[in-house]
Amino acid sequence: MSTGLLTPPIRQTQVFVPELVYFEPDALNYPKGQRILEWAKQQGLPIQMTTSHNRITNLPGESDLEKYKIAKRTLVVGIRKTLKFDTSKPSAEYAIPIATGCMAHCHYCYLQTTLGAKPYIRVYVNTDDILKAAKQYIEERAPEITRFEAACTSDPVGLEHISGSLKELIEFMAREPLGRLRFVTKFHHVEPLLGLKHNKHTRFRFSVNADYVIKNFEPATSSFYERITAAGKVAQAGYPLGFIIAPIIWHEGWENGYQELLEKLKEALPEEATSDLTFELIQHRFTKTAKTVIQQRYPKTKLELDETKRKYKWGRWGQGKYVYPDDQANALREFITEQIFEKFPQSKIDYFT
């Protein structure tokens, strides 16, 4: 596998280790809860009990910004009580909930607002209950294939060394003729997943972007080099592979940025990765609420959040968001689409939104 266009990072991105760990009492009734407790003890982490994640109010920090940063390094181990899955269009039929929250600091992330004042990371230990619910959804839709997205509310690859939940989902879906799993990551810690029997029922996707976007808006994530190297390992392990280019951001030199991105992908990927390759393209968008939260949490961000430069687009539940005007959106879509099909003629673009 050639990596001639790629520059190895000076420092490797380390796996996530929280600073604080909370356990809901019921979590310790599950083997996974006990295993995570032992892991936290071995790491020498402060461990506390909480009756509910909603009752965690005593996080350290003098300012709201300090408390936010500490919350992003706080792990809550609990059970998933709501087993009704949300829809996950356009990427899948349903979101399968194995974790909530993310350790990364991507300025643009929609979790900024959906998680509100509680951005800590939660993992769920009752995976068997979650898989039973997934089985029901599969049976209800038979004989159609049912796809589940595991990364709607978190980056599960970044938590796999703690939870082991992706392993359970991958092996479960491998046994389900009509079940498929999908997830996306900005982390390169894929080793625990490479030797699993997946039966090609799991599509492993990496979030990638122009160098400008990764450098300015994606702190605490794996470098592009680390991600694409991991993508090669995933392809060699036989997983169907995909890339999400998101958010696509209009910036000075964006054509060169996205052309270079796709040239790097072509240079780095092994041949076996390109025969069944998918792309998902998502332009940058934000809401008024998100803008306020982002500017509070990342006051020095270079993220462009000017409503006067955007088009207002109505979404689900009557909530709207600001996207690029049609001329800019069309230019982004057409240019990146041409670049993809020029470099990966066998690939498929699932959607542009």
Side-chain angles (χ1 to χ4, degrees), residues 14-86 95-105 109-134 150-169 172 183 185 187 189 192 220 293 296-297:
Q14 301 300 310
V15 294
F16 170 69
V17 178
E19 294 181 10
L20 296 167
V21 183
Y22 286 86
F23 283 84
E24 295 176 356
D26 288 346
L28 297 178
N29 296 330
Y30 293 80
K32 183 180 291 190
Q34 289 290 340
R35 182 170 55 75
I36 296 175
L37 176 63
E38 289 306 310
W39 175 84
K41 287 179 179 177
Q42 289 172 8
Q43 298 291 323
L45 302 175
I47 298 168
Q48 297 187 42
M49 301 299 295
T50 179
T51 54
S52 168
H53 71 94
N54 287 317
R55 298 187 180 277
I56 298 175
T57 58
N58 59 339
L59 289 177
E62 294 184 5
S63 67
D64 287 342
L65 194 54
E66 284 180 15
K67 289 180 178 179
Y68 168 70
K69 290 178 179 177
I70 292 169
K72 292 278 280 183
R73 297 197 65 82
T74 297
L75 178 69
V76 181
V77 183
I79 63 169
R80 177 73 182 190
K81 295 177 181 175
T82 303
L83 294 173
K84 181 180 179 183
F85 295 178
D86 290 333
I96 188 165
I98 56 173
T100 304
C102 181
M103 69 293 296
H105 278 270
C109 184
Y110 61 86
L111 295 180
Q112 300 282 0
T113 48
T114 56
L115 296 183
K118 301 183 184 298
Y120 40 70
I121 297 156
R122 297 166 60 198
V123 295
Y124 307 118
V125 298
N126 57 327
T127 319
D128 286 347
D129 297 333
I130 295 167
L131 294 179
K132 285 178 185 175
C152 282
T153 56
S154 183
D155 189 317
V157 172
L159 296 169
E160 182 64 11
H161 63 291
I162 299 173
S163 72
S165 296
L166 279 178
K167 176 182 184 293
E168 295 172 88
L169 264 62
F172 168 82
F183 53 85
T185 185
F187 292 96
H189 310 295
V293 173
Q296 287 172 347
R297 291 176 175 171

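Count residues from 1 along the sequence.
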Got Pro156 and Leu166 here, is their nearest side-chain heavy-atom distance under 4.5 Å?
yes

Can you give me every donor-acceptor pair (side chain of residues 34-47, partner residue at least two apart or in another chain, under 3.5 Å) with its distance?
from: Gln34; atom 1: NE2; to: Leu28; atom 2: O; distance (Å): 2.9
from: Arg35; atom 1: NH1; to: Ile162; atom 2: O; distance (Å): 3.4
from: Arg35; atom 1: NH2; to: Ser163; atom 2: O; distance (Å): 2.9

Between the CG atom in Asp129 and the NZ atom in Lys81, the distance rounded to the nearest 0.5 Å is 12.5 Å

Beyond-backbone contact of Leu75 with Tyr120, side-chain heavy atoms, under 4.5 angstrom:
no

Can you name the salt bridge (charged side-chain N to carboxylate O under 4.0 Å, His left out) partners of Glu19, sequence neighbours left out?
Arg73

Partner set under side-chain hydrogen bond (donor to acceptor under 3.5 Å, both in side chains) for Thr185, not counting sequence neighbours:
Asp155

Closest non-hydrogen atoms of His161 and Phe16, given as atom of the first, atom of the second and distance, are NE2-O, 2.7 Å

Main-chain N/O of Ile79 paired to Asn126 side chain as donor or acceptor, under 3.5 Å
no

Correct closest heavy-atom pair for Leu111 and Thr153 would be CD1-O, 3.7 Å

Looking at side-chain heavy atoms only, is the closest gap between Phe23 and Gln48 below 4.5 Å?
no

Does a side-chain heavy-atom distance below 4.5 Å link Asp128 with Tyr30?
no

Looking at residues at least two apart in the chain, or sitting in another chain, which of them share a side-chain contact (heavy atoms from CB on, under 4.5 Å) with Ala99?
Val123, Ser154, Leu159

Measure from the side-chain N and O atoms of Lys72 to the backbone N and O of His105, and report whether any donor-acceptor pair falls under 3.5 Å.
no

Flag for Ser63-Tyr68: side-chain donor and acceptor within less than 3.5 Å:
no

Between Phe85 and Ile130, is the side chain to side chain contact (heavy atoms under 4.5 Å, CB included) condition met? List the steps.
CA-CA 9 Å; Phe85 295 178; Ile130 295 167; 4.1 Å; yes

Residues forming a side-chain hydrogen bond (donor to acceptor under 3.5 Å, both in side chains) with Lys167, sequence neighbours excluded
Glu171

For Lys32, all residues meeting side-chain hydrogen bond (donor to acceptor under 3.5 Å, both in side chains), sequence neighbours excluded
Thr127, Ser165, Glu168

How about Ile121 and Met103: do any of their side-chain heavy atoms sit closer than 4.5 Å?
yes

